[in-house]
Amino acid sequence: MEAIAKAHTNIALIKYWGKRDESLFLPMNSSLSITLDQFYTTTAVQFCSCLNQDLFILNGNLADDAETTKISKFLDRIRELKGEKIYAIVNSNNEVPTAAGFASSASGYAALAAAATKSIGLDLDKKELSRIARQGSGSACRSIYGGYVEWEMGEKTDGSDSYAKPVMDGQEWDLSILSVLVGSKQKKVLSREGMKRTVETSPFYPGWLDTVEKDLNLAKQAIQQRDFDLLGNVVEANALKMHATTLGANPPFMYWQSGTIEVMEHVQELREAGIPAYFTIDAGPNVKVICQQKDEAAVRQALLNVKAVQDVYLCHSGPGVTYLPVSAVDN
Ligand code: ADP
Ligand code: DP6
Ligand code: CO
């Protein structure tokens with residue numbers, strides 16, 4: 001049976017950075033995100049006994065061996081769960097730049113987890129889907145839900161208690177997130193490799209672990225109290241701390257480009273001018289600016305005036321993963 005799922009990306013307010021178990025994708029710390037309405041992946045999966053290997057088509061192109069192997073390893077977990085050795089055609093389209101720090105791996109694996117489990121005949125609830133999506137890309141476990149979402153790191157070694165939970169509906173505090181494009185080229189250091197190198201070699205990594213739980217608690221408190229300045233300050237500081245750990249890695253690396261810094265400076269200037277806006281940056285050069293809806297037009301215009309800025313996408317909170325009727329998508 002064919003199944004089609006749509007999942008949105010999410011932006012981490014408190015970052016997931018580092019794994020304690022690479023094979024099961026168990027994180028070193030809990031994290032918090034908002035699912036975004038503007039960026040998403042649609043993935044169609046069809047398992048068929050007529051196939052003798054998996055096929056992966058991404059944005060209309062047959063993927064290379066390395067990408068197909070990644071998908072196959074993920075599908076192996078689903079095959080194992082179902083107890084059937086049967087292969088699939090995966091046809092996925094990203095309405096988001098791929099591997100550029102816009103979280104394509106989050107929407108990509110959330111959509112794949114949902115479509116593949118349904119297609120093979122498993123009927124999983126969202127908690128189970130979140131645990132599966134996590135094993136394709138950690139951040140994907142949060143994209144199963146809409147709004148504000150926490151990924152609880154869990155304690156167990158088998159990963160059974162490491163999955164995402166909804167914290168608050170996005171409509172209850174509908175902030176504006178401006179995704180600022182300064183470069184859409186694929187990053188040189190993928191998130192997976194970057195966090196591994198940081199955990200293994202950066203002397204700053206223990207400093208990250210020392211404070212991330214406190215940051216998370218403050219961010220959750222700010223959301224409950226709708227305290228925008230409290231949220232903005234902790235979100236911005238948490239992102240800077242994450243990026244600082246990469247500078248201490250061996251060999252060192254940095255996701256920022258000159259345009260990234262220009263945008264960061266501009267956001268700080270906006271604040272000095274009395275407009276509350278804060279930035280965060282995932283593993284890539286692009287910046288996400290968070291502000292309140294009343295300020296979104298002014299912040300957007302200010303960002304468009306920055307020389308390095310190629311585009312600004314205005315996002316709000318988006319929904320969790322959904323299934324689309326098979327006839328609705330022409331593939
Ligand atoms: P990003 O910032 O886009 O999440 P990552 O380095 O985390 O970047 O992950 C990029 C990788 O995610 C890609 O190289 C690819 O392996 C995987 N990916 C991206 N989109 C999809 C998709 N639609 N389906 C499956 N995997 C995807
Ligand atoms: C900086 O989930 O992309 O965006 O689990 O190895 O696939 P893998 O990595 P990924 O890492 C995301 C890192 C981050 C922070 C975050 O989204 O929490
Ligand atoms: Co990613």
Side-chain angles (χ1 to χ4, degrees), residues 5-36 39-45 54 56-61 63-64 66-75 90-116 133-143 149-151 153 162 164 179 183-199 208 212 216 235 238-239 241-243 245-246 255 280-286 288:
K6 178 176 177 182
H8 290 247
T9 65
N10 66 77
I11 170 70
L13 299 172
I14 302 298
K15 309 296 180 192
Y16 143 55
W17 195 239
K19 296 182 182 70
R20 64 180 198 274
D21 181 324
E22 277 164 31
S23 151
L24 287 173
F25 291 71
L26 299 180
M28 289 286 232
N29 62 274
S30 298
S31 55
L32 181 74
S33 59
I34 305 187
T35 304
L36 300 180
F39 297 125
Y40 58 88
T41 298
T42 307
T43 300
V45 178
D54 297 314
F56 178 35
I57 300 156
L58 180 59
N59 297 332
N61 301 311
D64 62 21
E67 280 300 319
T68 307
T69 303
K70 266 199 212 174
I71 294 291
S72 281
K73 276 194 180 157
F74 179 71
L75 293 177
V90 175
N91 190 347
S92 186
N93 285 297
N94 283 341
E95 287 298 325
V96 57
T98 302
F102 276 117
S104 68
S105 69
S107 54
Y109 276 97
L112 180 59
R134 187 199 78 218
Q135 295 171 72
S137 178
S139 55
C141 78
R142 300 185 308 236
S143 275
V149 182
E150 178 179 359
W151 173 11
M153 61 183 286
S162 186
S179 291
S184 53
K185 270 205 284 195
Q186 300 213 348
K187 48 185 137 175
K188 290 196 197 93
V189 184
L190 290 175
S191 308
R192 191 156 309 173
E193 186 193 334
M195 66 176 85
K196 179 173 158 60
R197 196 188 299 171
T198 305
V199 171
W208 164 260
V212 63
L216 177 67
V235 162
N238 184 264
K241 260 188 277 188
M242 180 207 113
H243 286 271
T245 65
T246 73
Y255 286 114
T280 184
I281 307 162
D282 275 345
N286 300 303
K288 285 87 187 176

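Positions are given from 1 along the sequence. Both counts, for ligands and for their atoms, begin at 1 and track the order of listing. Only this structure's heavy atoms are used, side chains among them; waters, hydrogens and symmetry mates stay out.
Annotation: atom 12 (O) of ligand 1 to nearest protein heavy atom, Ser105 CB, 3.4 Å. Looking only at protein heavy atoms, the nearest one to atom 26 (N) of ligand 1 is Tyr109 CE1, 3.6 Å. With respect to atom 15 (C) of ligand 2, the closest heavy atom belonging to the protein is Tyr16 O, 3.4 Å. Ranking the protein heavy atoms by distance from atom 14 (O) of ligand 1 puts Glu67 OE2, 3.4 Å first. Regarding atom 4 (O) of ligand 2, its nearest protein heavy-atom neighbour is Asp282 CG, 3.2 Å. The protein heavy-atom contact nearest to atom 2 (O) of ligand 2 is Ser139 OG, 2.7 Å. At the shortest separation from atom 17 (O) of ligand 2 among protein heavy atoms lies Arg142 NH2, 2.9 Å. When only non-hydrogen protein atoms are considered, atom 6 (O) of ligand 2 lies nearest to Lys19 NZ, 2.7 Å. Of all protein heavy atoms, the one closest to atom 10 (C) of ligand 1 is Ala99 CB, 3.7 Å. The shortest contact between atom 22 (C) of ligand 1 and any protein heavy atom is with Gly108 CA, 3.6 Å. What sits closest to atom 3 (O) of ligand 1 on the protein, heavy atoms only, is Ser104 OG, 2.6 Å. From the protein, the heavy atom lying nearest to atom 20 (N) of ligand 1 is Asn94 ND2, 3.0 Å. Remark: minimum distance from atom 9 (O) of ligand 2 to any protein heavy atom is reached at Met195 CE, 3.5 Å.
Less than 4.0 angstrom separates some heavy atom of Phe25 from each of these atoms of ligand 2: 5 (O). The contact set between ligand 1 and Leu58, taken as ligand atoms under 4.0 Å from a residue heavy atom, comprises 22 (C), 23 (N). Interface of Ser191 with ligand 2, defined as ligand atoms under 4.0 Å from a residue heavy atom, comprises 3 (O), 9 (O), 10 (P), 11 (O). Set against the non-hydrogen atoms of Ser92, the atoms of ligand 1 under 4.0 Å away are 22 (C), 23 (N), 24 (N). Taking every heavy atom of Ile71 and a limit of under 4.0 angstrom, the matching atoms of ligand 1 come to 25 (C). Shown in contact with Ala12 at under 4.0 Å from a heavy atom are these atoms of ligand 2, numbered in order with element: 16 (C), 17 (O), 18 (O). Ligand 2 places these atoms under 4.0 Å from at least one heavy atom of Arg192: 6 (O), 7 (O), 8 (P). Using a 4.0 Å cut-off to heavy atoms of Thr41, the atoms of ligand 1 that qualify are 23 (N). Below 4.0 Å from some heavy atom of Ser105 lie the following atoms of ligand 2, by number and element: 3 (O). If you number the atoms of ligand 1 from 1 as listed, the ones under 4.0 Å from a heavy atom of Phe56 come out as 24 (N), 25 (C). Interface of Phe102 with ligand 1, defined as ligand atoms under 4.0 Å from a residue heavy atom, comprises 2 (O). Here is the list of ligand 2 atoms found below 4.0 Å of a heavy atom in Met242: 1 (C).
The backbone N or O of Pro27 sits nowhere less than 3.5 Å from a side-chain atom of Arg134 that would complete a donor-acceptor pair. Listed for the Asn94 side chain is no donor-acceptor partner under 3.5 Å among the backbone atoms of Pro97. Checked by atom type and distance alone, the side chain of His8 never pairs as donor or acceptor with a backbone atom of Tyr40 at under 3.5 Å. At least one donor-acceptor pair closer than 3.5 Å links the side chain of Asp64 to the backbone N or O of Ala66. In this structure a side-chain-to-backbone donor-acceptor pair under 3.5 Å is present from Ser104 to Ala99.
In plain terms, the two heavy atoms of Thr280 and Ala239 that are nearest each other are OG1-CB, 3.4 Å. Val212 and Lys15 get closest at one heavy-atom pair: CG2-O, 4.3 Å. Closest heavy-atom contact between Thr41 and Gly108: OG1-N, 3.5 Å. The minimum heavy-atom distance linking Ser30 with Ile14 is given by the pair O-CG2, 4.4 Å. The two residues Leu13 and Asn238 make their nearest non-hydrogen contact at O-OD1, 4.0 Å. Taking every heavy atom of both residues into account, Met195 and Lys19 meet most closely at SD-NZ, 3.5 Å.
Proximity of Tyr109 to ligand 2, defined as any heavy-atom pair under 4.0 Å, is not found for any part of the residue. Contacts between Ser31 and ligand 2, counted as non-hydrogen atom pairs separated by less than 4.0 Å, are absent for every part of the residue.
In this structure, Phe102 and Phe39 have tilted ring planes: the angle between them lies in the 30° to 60° band.
At a cut-off of 2.8 Å, Ser105 is counted among the residues with an N, O or S atom near the Co ion (ligand 3).
With Trp17 as the fixed residue, the side chain to side chain donor-acceptor pair (under 3.5 Å) test singles out one of Thr246, Asp282, Thr245: Thr245. When each of Lys288, Met242, His243 is checked for a side chain to side chain contact (heavy atoms under 4.5 Å, CB included) with Ile281, only His243 meets the rule. Paired with Thr43 under the rule side chain to side chain contact (heavy atoms under 4.5 Å, CB included), one option of Leu58, Asn91, Val90 passes, and it is Val90. Under the side chain to side chain contact (heavy atoms under 4.5 Å, CB included) rule, Thr9 has a single partner from Ser179, Ser139, Ser107, Ser105, which is Ser107.
Across the listed options Glu95, Lys187, Gln186, Lys187 owns the non-hydrogen atom lying nearest to atom 8 (O) of ligand 1. The closest non-hydrogen atom to atom 7 (O) of ligand 2, taken over Gly136, Ser104, Ser137, comes from Ser137.
Classification of Glu193 and Lys196 as a salt-bridged pair fails, no side-chain N sitting under 4.0 Å from a carboxylate O.
Between the side chains of Ser162 and Trp151, at least one donor-acceptor pair of N or O atoms lies under 3.5 Å. Checked by atom type, the side-chain pair Thr35/Asn10 shows no donor-acceptor distance below 3.5 Å. Checked by atom type, the side-chain pair Asp54/Ser72 shows a donor-acceptor distance below 3.5 Å. Side-chain atoms of Arg142 and Ser31 include a donor-acceptor pair closer than 3.5 Å.
Residue Lys70 has at least one nitrogen or oxygen atom sitting less than 3.5 Å from a nitrogen or oxygen atom of ligand 1, judged on distance alone. The N/O atoms of Ser137, backbone and side chain alike, include none that comes under 3.5 Å of an N/O atom in ligand 1. In terms of polar-atom proximity, Gly138 is counted as a contact of ligand 2, with an N or O under 3.5 Å from an N or O of the ligand. Residue Pro97 has no nitrogen or oxygen atom sitting less than 3.5 Å from a nitrogen or oxygen atom of ligand 1, judged on distance alone. An N or O contact shorter than 3.5 Å is missing between Thr98 and ligand 1 by distance.
A heavy-atom separation below 4.0 Å is found between Ala103 and ligand 1. Close to ligand 1: Gly101, with a non-hydrogen atom less than 4.0 angstrom away. Between Asp282 and ligand 1 there is no heavy-atom distance shorter than 4.0 Å. Residue contact check for ligand 2: Arg134 places no non-hydrogen atom closer than 4.0 Å to it.
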